[in-house]
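Step one of this worksheet: look at the structure below.
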Amino acid sequence: GAQNRGIVGMIFLSSLLFSTVALGGLNLTFRSHKLPITTQKHGPAFLFLSVASSFLGAIFVILIGSIYSILKTNVPDKLLYISVLYTFLSIILSQFFQILLSKGFISIRWKLDLLMIAIQFFTYLLLRLLNLTSPAISVFVAFITSYAILLGICIFIIQYKAILIFRQPIHKKDLLELINASKNNIRYSTQMAVLDRLDRVFVLVFFPTSTFGVYSFMTGVVSFTRFIP
């Protein structure tokens with residue numbers, strides 16, 4: 001129903017907003033290789049910041065969910081707990097995608113996207129067919145399953161193609177260079193992330209959960225159709 005869809009949408013929005021604000025500028029800098037940034041040299045620093053942000057994102061989402069549950073609509077404990085794993089995996093997988101894109105593996109990325117969608121679709125259908133969980137939990141399990149599988153594939157590709165060495169030590173100099181080079185992009189991505197999702201935040205805060213469920217669904221359809229041309 002619209003009520004549960006609103007709760008799921010709240011979790012999705014919180015996760016996406018955090019990741020875009022926290023990592024959008026960093027990702028843009030890392031992908032574009034803005035001097036002196038390179039994948040090989042700054043990859044370990046980028047990965048360290050990504051993992052740290054994934055943990056912080058999971059904490060942020062469960063805090064928002066808990067506050068929302070107190071002030072607006074009760075969020076089932078199962079959804080709160082599973083949102084932690086969903087947020088962590090979604091952010092860290094996105095960051096591994098950034099590593100692939102930084103080396104120009106665009107074709108690999110879109111193929112992985114198609115595989116991810118297929119896994120989500122069939123996992124959700126299987127769970128609903130077996131009637132093992134609620135629709136909301138089934139959605140999260142489908143996403144988590146696809147993210148975990150693709151994360152393993154990304155790690156294999158990065159190791160196989162020697163894109164970066166995971167055991168390489170993290171140097172403070174590389175961290176500072178990456179952060180300093182990203183300052184302008186961080187400000188830009190933060191502004192764009194807030195402006196692009198300000199309407200959803202407004203509806204989430206001031207309108208009933210069911211209204212936000214319908215609104216997030218319709219805006220999602222509009223956002224999807226923008227990319228068809």
Side-chain angles (χ1 to χ4, degrees), residues 11-64 83-110 112-113 116 143 147-148 150-159 161-198 200-201 223 227:
I11 295 172
F12 283 173
L13 176 62
S14 302
S15 175
L16 185 59
L17 189 60
F18 177 89
S19 63
T20 307
V21 170
L23 294 167
L26 186 73
N27 293 344
L28 182 57
T29 302
F30 187 72
R31 287 198 313 268
S32 60
H33 286 169
K34 180 179 178 181
L35 292 176
I37 305 305
T38 64
T39 300
Q40 288 286 353
K41 184 173 185 292
H42 296 88
F46 177 80
L47 198 56
F48 171 78
L49 293 174
S50 298
V51 173
S53 297
S54 298
F55 279 109
L56 292 176
I59 295 173
F60 175 79
V61 168
I62 199 170
L63 284 176
I64 294 297
S83 69
V84 173
L85 184 57
Y86 161 79
T87 303
F88 176 81
L89 287 176
S90 66
I91 295 177
I92 197 66
L93 177 62
S94 175
Q95 297 310 103
F96 272 86
F97 281 161
Q98 300 301 320
I99 295 174
L100 294 178
L101 290 175
S102 73
K103 297 299 291 183
F105 295 137
I106 299 175
S107 62
I108 292 179
R109 167 63 199 274
W110 71 257
L112 290 177
D113 277 338
M116 179 172 62
F143 274 82
Y147 292 162
L150 263 70
L151 183 59
I153 294 174
C154 285
I155 292 174
F156 172 79
I157 293 173
I158 290 171
Q159 286 185 324
K161 294 185 176 293
I163 297 174
L164 62 86
I165 301 173
F166 290 110
R167 293 184 299 275
Q168 185 176 336
I170 302 167
H171 300 291
K172 182 179 179 180
K173 178 184 176 183
D174 296 336
L175 277 171
L176 293 177
E177 284 181 347
L178 184 56
I179 294 172
N180 288 331
S182 303
K183 284 182 178 179
N184 290 332
N185 286 335
I186 289 173
R187 285 193 288 265
Y188 169 77
S189 66
T190 299
Q191 293 171 357
M192 293 304 297
V194 173
L195 290 175
D196 191 44
R197 296 167 180 85
L198 188 60
R200 296 191 188 188
V201 174
S223 298
F227 295 97

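Positions are given from 1, in the same order as the sequence printed here.
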If every non-hydrogen atom of [X] is compared with every non-hydrogen atom of [Y], which pair is closest and at what distance?
X: F97; Y: D113; value: CE1-OD1, 3.9 Å
X: T190; Y: I186; value: OG1-O, 2.7 Å
X: L93; Y: L151; value: CD1-N, 3.7 Å
X: L23; Y: L49; value: CD2-O, 4.4 Å
X: L178; Y: F30; value: CD1-CD1, 4.4 Å
X: I170; Y: A45; value: CG2-CA, 4.2 Å

Side-chain heavy-atom pair [X], [Y] within 4.5 angstrom cut-off:
X: R200; Y: L17; result: no
X: I91; Y: S94; result: no
X: E177; Y: D174; result: yes
X: N185; Y: L26; result: no
X: I64; Y: F18; result: no
X: M116; Y: Y147; result: yes
X: L28; Y: S189; result: no

So, the side chain of [X] versus the backbone of [Y]: is there a donor-acceptor pair under 3.5 Å, distance only?
X: S32; Y: T29; result: yes
X: Q95; Y: F46; result: no
X: S15; Y: I11; result: no
X: T87; Y: V84; result: no

Mind checking the [atom1]-[atom2] spacing from [X] to [Y]? Nearest 0.5 Å is all I need.
X: Q98; Y: L47; atom1: CD; atom2: CG; value: 12.5 Å
X: I157; Y: R109; atom1: CD1; atom2: CZ; value: 12.0 Å
X: S102; Y: H42; atom1: OG; atom2: NE2; value: 12.5 Å
X: I99; Y: I158; atom1: CD1; atom2: CD1; value: 4.5 Å
X: F143; Y: S83; atom1: CZ; atom2: OG; value: 14.0 Å
X: S50; Y: N27; atom1: OG; atom2: CG; value: 6.5 Å

*asked:* Quick check on L195: does its CG atom have over 12 non-hydrogen neighbours (other residues, nucleotides or ligands) under 6.0 Å away?
replied: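 Yes, CG of L195 has more than 12 neighbouring heavy atoms, counting only those of other groups under 6.0 Å.
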*asked:* Please check if the number of heavy atoms outside K34 that lie under 6.0 Å from its NZ is greater than 12.
replied: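 Correct, the count exceeds 12.
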*Anything under 30° is parallel, anything over 60° is perpendicular, the rest tilted; go ahead and classify Y86 against F12.*
tilted
